[in-house]
Asks: 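Next up is a structure, given as structure tokens.
What's counted below: heavy atoms across the whole structure, side chains too, no hydrogens, waters or symmetry copies. Keep in mind that this is a model prediction, so the values were computed, not measured. Every chain is numbered from 1 and lettered A, B, ... according to where its sequence line falls, protein lines coming before strand lines.
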Amino acid sequence: MIPDELRNFPEASQLEEQDPSVLAGGQFDRGELTLEVSRAKLEAACRWFRGRGYNLLSSITATDLHPIEPRFRVVYHLYAIAEHKPLRLAVRVGGADPRLESMIPVWPAANWYERELFDLFGIRFDGHPNLKRIMLPDDWEGHPLRKDYPTEGIR
Amino acid sequence: MDKVLFLIFAGIAVGAAANLLRSRHPIHSALSLIGVMGALAVLYLLLGAEFIAAVQVIVYAGAIMVLFVFTIMLLNAGAEVPTSGSMLARYLGIPLLALLLLQLVRLLLGQYPPDQASSFGTFVGPTEKIGRLLFTQYLLPFEVTSVLILVAVMGAVVLAGRKP
Amino acid sequence: MDLTILIISLAKIAVVLTVLFTCVAYVVWLERKVAGRIQNRWGPHRTGPFGLLQPAADFLKALFKEDFTPAQVQRPIYFLAPFLAMTLALMSIAVIPFGENVTIAGRTIFFEITDLNIGLLYIFAVTSLGVYGIALAGWSSGSKYSLMGGLRSSAQMISYELGLGFAVVGVLILSGTLSLRGIVNAQSGFWFGIIPKWYIWPQFVGFLVYLTAAFAETNRTPFDLPEAEGELVGGFHTEYSSLKFAMFFTAEYTNMITVACLATLLFFGGWMAPLPWAWVQHVPALVLLGMAALMTRTALRTYRLERRKSYFAVPGLAGIVGLIGLAFLHPVFAAVAAPMFWFASKVFVFLFLYIWVRWSVPRFRYDQLMHLGWKVLLPVAAANILITGLVVAL
Amino acid sequence: MASVSTPPPGAKTMVLNMGPQHPSTHGVLRLVLELDGETVVRCEPHIGYLHTGIEKTAEAKGWWQAITLTDRIDYLCPLTNNLCYVLAVEKLLGLEPPPRAQWLRVLLNELTRLNSHLVWLGTHAMDLGAFTVLLYAFREREDILNMFETVSGQRMMTSYFRVGGLALEPPLDFFGRVRKFISYFPSKIDDYEALLTKNRIWIGRTKGVGYISADDGIALGLTGPCLRAVGVDWDLRKTNPYSSYDKFDFKVPVRTEGDVYARYLVRMDEMRESTKIIAQALEGMPEGPVNADAPHIVLPERERMKTEMEALIYHFKIVTEGFRVPPGEVYQAVESPRGQSAYYVVSDGTTHPFRMYVRAPSFANLQALPKMVEGRLIADVVAVVGSIDIVLGEVDR
């Protein structure tokens with residue numbers, strides 16, 4: 001279900017028409033369109049947007065909303081190069097076993113971003129060919145960008 | 001003076017040749033071989049054959065052995081592991097070698113009696129003479145050799161160019 | 001053999017080596033100075049007047065640096081390689097004549113260590129061995145970068161050795177001798193009373209091939225692939241330090257001097273004066289006195305501007321140069337030294353060209369280098385031989 | 001980092017560790033190359049040697065303190081990163097800086113672009129053996145750094161932009177210096193081009209090397225000059241203008257060859273275009289304040305702070321606890337010299353960023369490296385790394 005204000009955006013309304021269970025919400029705030037995608041339908045949604053011309057994956061990142069569950073909010077920043085249009089897809093992942101499908105088949109650029117998320121947030125990506133730490137040493141313990149990661153004292 | 005130099009470089013040649021056989025590492029063996037060739041070149045020089053001496057160094061030491069060393073480096077060959085070898089070689093090797101050397105000495109002495117020492121400086125040395133001989137008397141062998149080399153080169157190119 | 005000849009030979013070797021080492025040191029200085037000017041900076045200028053003591057400082061630095069031997073090296077060869085490189089580089093200077101033989105008071109002075117009748121072949125023999133120093137250094141260092149540097153250099157030197165050899169055959173056909181002195185003597189005289197009969201004119205193509213191959217043979221930019229610092233860190237000398245590194249360095253610059261000498265001898269008439277007129281004999285004196293005057297001017301200006309303590313070093317230098325210049329006015333001294341002056345000037349021009357090119361162009365890629373060597377230089381050189389042979393035969 | 005990849009036993013390849021200490025990896029990049037002779041069979045970049053946790057640090061800083069962190073991300077174009085972050089925060093606040101500040105930001109950003117491209121040009125040329133270009137390029141870069149010093153007091157870590165405007169009005173002789181600089185700079189570009197553009201060796205080393213197709217480039221997230229060199233006309237300054245870039249007249253150089261030479265030409269042309277933008281910015285520089293009229297966000301001038309009670313109170317409040325930013329999230333992208341540089345900033349309504357994510361163009365561009373070098377020679381790796389123009393500080397953050 002999406003808020004009414006988003007019905008004006010063809011991306012949102014068309015996807016909603018096709019499969020009402022894909023979009024879980026969204027907003028248009030400060031000139032940026034955000035669409036919340038339901039966790040189960042992430043890959044389908046990404047493929048759909050890729051087909052709509054959103055060919056450049058600008059970045060994948062996440063926010064840790066720690067005490068709140070589902071804890072992680074993973075965002076995909078897309079651009080449609082032909083139309084110069086940005087778009088943000090967001091998906092919520094629970095903290096117990098944070099897992100998502102890898103988007104490498106849709107956008108090969110997702111490779112390192114997913115490794116980075118795995119490294120710094122501990123979110124696993126199923127189907128990633130090389131899910132290793134990218135920034136930190138391989139024997140590092142913990143995921144520093146989580147809000148419950150200690151920022152002072154001896155780790 | 002010449003005799004001293006001859007003895008020095010003959011000694012180097014023999015020593016390097018012995019080292020060539022003794023070394024376990026292919027690079028060391030190759031280097032010893034280069035040493036042998038260098039010493040031989042000096043011996044040619046002492047005989048007054050400057051051209052052959054220079055060609056010896058350029059062709060053998062400078063080109064062929066470089067390729068040897070190149071290949072050894074490329075294959076990154078390690079030291080050889082000594083094998084126990086056959087009993088035959090162990091017990092018969094040195095006697096047979098001695099026999100061979102004796103035979104050689106006998107032959108050489110028969111050919112050139114010791115009172116008839118080969119003199120320095122009468123070798124067919126000068127470049128001009130060699131060039132003249134190559135292009136007059138030995139023209140056919142010379143050309144045949146070049147064709148042979150050409151064939152060999154083409155064969156090498158065909159073999160190397162073949163995709164697996 | 002006569003003992004005096006032996007002593008004279010040894011003395012000559014000592015003198016020539018001293019001069020050669022000094023030249024190598026100052027070619028390094030020149031390289032840094034010219035590179036500095038090309039890149040709008042000063043180059044060395046702190047040590048002595050015009051930074052002239054920089055080579056000594058460099059040498060001392062190399063001497064006192066820690067001589068580090070990595071653990072993975074193949075020991076005897078690792079130590080042998082720099083000696084090999086330097087010795088072979090120094091050996092080729094033995095047959096290079098620097099000036100005309102002069103007879104003074106019934107004694108002929110030979111301006112070379114030995115006049116070998118196959119001088120040119122000797123040089124090619126020695127330079128063809130030069131590759132061992134580099135190849136073995138690369139292999140024995142036990143580092144992949146060094147190994148690749150060594151391999152590249154072997155391949156490169158074999159390839160360009162051919163081009164180099166082919167390039168000079170034209171000269172050999174024209175001169176009919178392998179002796180370097182003979183080749184120079186064959187170039188005496190002038191066409192139309194003005195154009196010197198140097199082999200650069202009939203053998204221009206050969207000269208271009210020689211020049212290119214010589215760049216490659218001495219591993220200078222744009223052919224400095226064995227040590228391409230952008231790719232292979234330091235190439236074959238990555239793992240060398242201190243004096244062992246300095247030896248490779250010396251070898252490189254000695255080779256540069258050798259090929260420059262050779263180019264002068266083969267294509268530019270060696271020690272022959274470039275113009276036929278009589279006043280040309282005063283040019284050395286003029287040049288040296290002019291240099292002295294320039295130095296004096298610099299010294300005066302420096303003193304006026306900065307009141308530097310070293311202000312007497314530059315005038316001293318100017319005095320020495322001026323005195324040599326004045327000496328040229330004496331006919332006997334001029335007869336001995338003028339050929340050497342011309343020879344040195346021509347070699348200097350080549351060295352300058354080397355440096356100029358190095359700081360102006362990028363580096364070739366390995367396959368492009370091989371392409372150039374085998375598919376361009378070699379056929380061109382072969383065609384040059386063919387044409388020269390035809391022309392001479394007709 | 002990951003363990004050294006070893007080829008399967010019996011393979012005829014050699015594994016070469018290029019970096020993290022290597023003259024041509026532009027910092028601490030490590031490339032694990034699998035070589036067959038001199039041909040690269042496989043290339044695997046390993047990064048993270050310069051990871052400093054800037055994103056985590058930012059969460060503990062106030063909104064205005066985080067500006068100094070952004071300099072350190074890409075140390076070759078600090079002002080671009082300053083701008084991107086500041087724009088993001090301004091977007092969250094709904095604040096618009098006055099025109100003079102916007103024009104000065106454009107001017108300084110283009111100077112930064114020149115600065116960054118000059119370093120790229122010098123190091124790229126040096127990697128390919130043309131050493132002199134480096135010193136030529138650094139000569140001009142020195143002038144640019146001096147100009148940065150006149151405005152911000154710092155040569156590299158400028159931190160000159162503030163939320164709502166600039167730190168200070170630039171000193172009076174600044175514009176004169178810029179004017180002088182752009183009067184001679186085009187002839188210097190000609191000098192660099194004279195050394196390289198038509199040089200046969202340079203063309204041989206770069207033309208056809210490191211090719212990538214437009215589709216692959218977009219799929220791998222390539223942006224900036226690398227993307228424009230494959231024929232995609234996409235420059236955020238034109239397509240999604242920010243900070244009044246839409247008021248400037250400039251061309252976006254695009255080439256279609258997709259090789260190292262095309263990237264080289266695109267960047268050279270960009271330098272010329274940047275010079276034009278700077279000239280326009282100087283020409284039409286609006287008068288007025290350099291800070292927005294938002295006393296609870298922008299620090300008051302020293303004079304007012306010392307004479308007015310209200311200004312002093314605001315000053316005290318901003319310095320001690322900072323300012324609050326309404327909750328929300330923004331993704332602000334700018335065109336950095338290397339590509340799309342973007343900041344994703346999330347606010348929870350407090351005085352600290354809740355999350356700051358940096359989309360570093362080098363990070364994405366570096367992903368395309370294996371595609372560009374596999375099957376080519378080791379010497380080409382150097383050329384391609386140079387042409388991507390990575391800054392490891394930005395890759396690792």
Side-chain angles (χ1 to χ4, degrees), chain A residues 27 29-34 50 54-66 73 75-88 90 104-113 115-117 119-120 130 132-140 143-147 149 151-152, chain D residues 1-3 44-53 55-57 59-60 91-94 214-223 227 232-234 236 238-240 326-333 340 342 344 346 348 354-361 363-364 366-368 371 395-397:
Chain A
Q27 82 236 26
D29 179 30
R30 295 173 169 97
E32 295 183 11
L33 178 63
T34 311
R50 174 73 183 79
Y54 286 93
N55 46 2
L56 183 83
L57 174 70
S58 181
S59 64
I60 309 175
T61 187
T63 315
D64 183 11
L65 307 162
H66 178 37
R73 183 163 182 273
V75 290
Y76 293 76
H77 289 108
L78 310 177
Y79 273 87
I81 285 191
E83 302 161 70
H84 318 313
K85 261 197 316 199
L87 174 70
R88 180 186 300 123
I104 297 178
V106 187
W107 298 286
N111 191 331
W112 282 16
Y113 294 115
R115 278 178 70 187
E116 194 184 353
L117 279 186
D119 190 356
L120 303 177
N130 186 25
K132 290 187 297 188
R133 285 192 183 272
I134 187 166
M135 295 294 177
L136 303 175
D138 279 353
D139 55 356
W140 194 270
H143 303 283
L145 278 182
R146 289 187 175 190
K147 288 285 181 189
Y149 187 86
T151 46
E152 36 190 79
Chain D
M1 295 302 101
S3 58
E44 195 184 320
H46 287 244
I47 61 171
Y49 291 91
L50 216 57
H51 182 64
T52 45
E55 291 173 14
K56 186 75 175 171
T57 314
E59 291 175 12
K91 202 169 175 185
L92 274 172
L93 285 162
D215 289 342
D216 282 343
I218 295 172
L220 286 167
L222 221 55
T223 49
L227 189 64
V232 181
D233 183 2
W234 196 54
L236 291 165
K238 276 268 188 230
T239 57
N240 306 58
E329 55 181 348
V330 295
Y331 190 69
Q332 175 65 47
Q340 186 202 36
Y344 172 62
V346 183
D348 58 350
F354 183 70
R355 169 95 174 97
M356 179 180 102
Y357 169 76
V358 184
R359 193 269 181 198
F363 182 79
L366 192 57
Q367 274 200 81
K371 188 105 198 161
V395 174
D396 297 343
R397 302 187 294 285

Asks: Rounded to the nearest 0.5 Å, what separates atom CZ in A/Arg146 from atom NZ in D/Lys56?
Replies: 10.5 Å
Asks: Is a side-chain donor or acceptor of D/Asn240 paired with a backbone partner of A/His84 at a separation under 3.5 angstrom?
Replies: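 Confirmed, D/Asn240 side chain pairs with A/His84 backbone.
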Asks: Which atom names give the shortest non-hydrogen contact between A/Val75 and D/Tyr344, and what distance separates them?
Replies: CG1-OH, 3.6 Å
Asks: Nearest 0.5 Å, please: how far is CD in A/Glu116 from CZ in D/Phe363?
Replies: 4.5 Å
Asks: Return the CG to CZ distance between A/Asp64 and D/Arg355, rounded to the nearest 0.5 Å.
Replies: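 Rounded to the nearest 0.5 Å, the CG-CZ separation comes to 9.5 Å.
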Asks: Please give me the minimum heavy-atom distance between D/Gly221 and A/Leu56, naming the atom from each residue.
Replies: CA-CD1, 3.7 Å
Asks: Which residues pass the side chain to side chain donor-acceptor pair (under 3.5 Å) test with D/Glu59, not counting sequence neighbours?
Replies: A/Lys147
Asks: Which atom names give the shortest non-hydrogen contact between A/Met135 and D/Val395, and what distance separates them?
Replies: CE-O, 3.3 Å
Asks: Show the nearest heavy-atom pair for residues D/Arg359 and A/Leu57, with the distance to one decimal.
Replies: NH2-O, 4.3 Å
Asks: Which class fits the ring pair A/His77 and D/Tyr331: parallel under 30°, tilted 30 to 60°, perpendicular over 60°?
Replies: parallel
Asks: When rounded to the nearest 0.5 angstrom, what is the spacing between CZ in A/Arg30 and CG in D/Leu93?
Replies: 8.0 Å
Asks: NE2/D/His51 to CG/A/Asp119 distance, rounded to the nearest 0.5 angstrom?
Replies: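 One gets 7.0 Å once the value is rounded to the nearest 0.5 Å.
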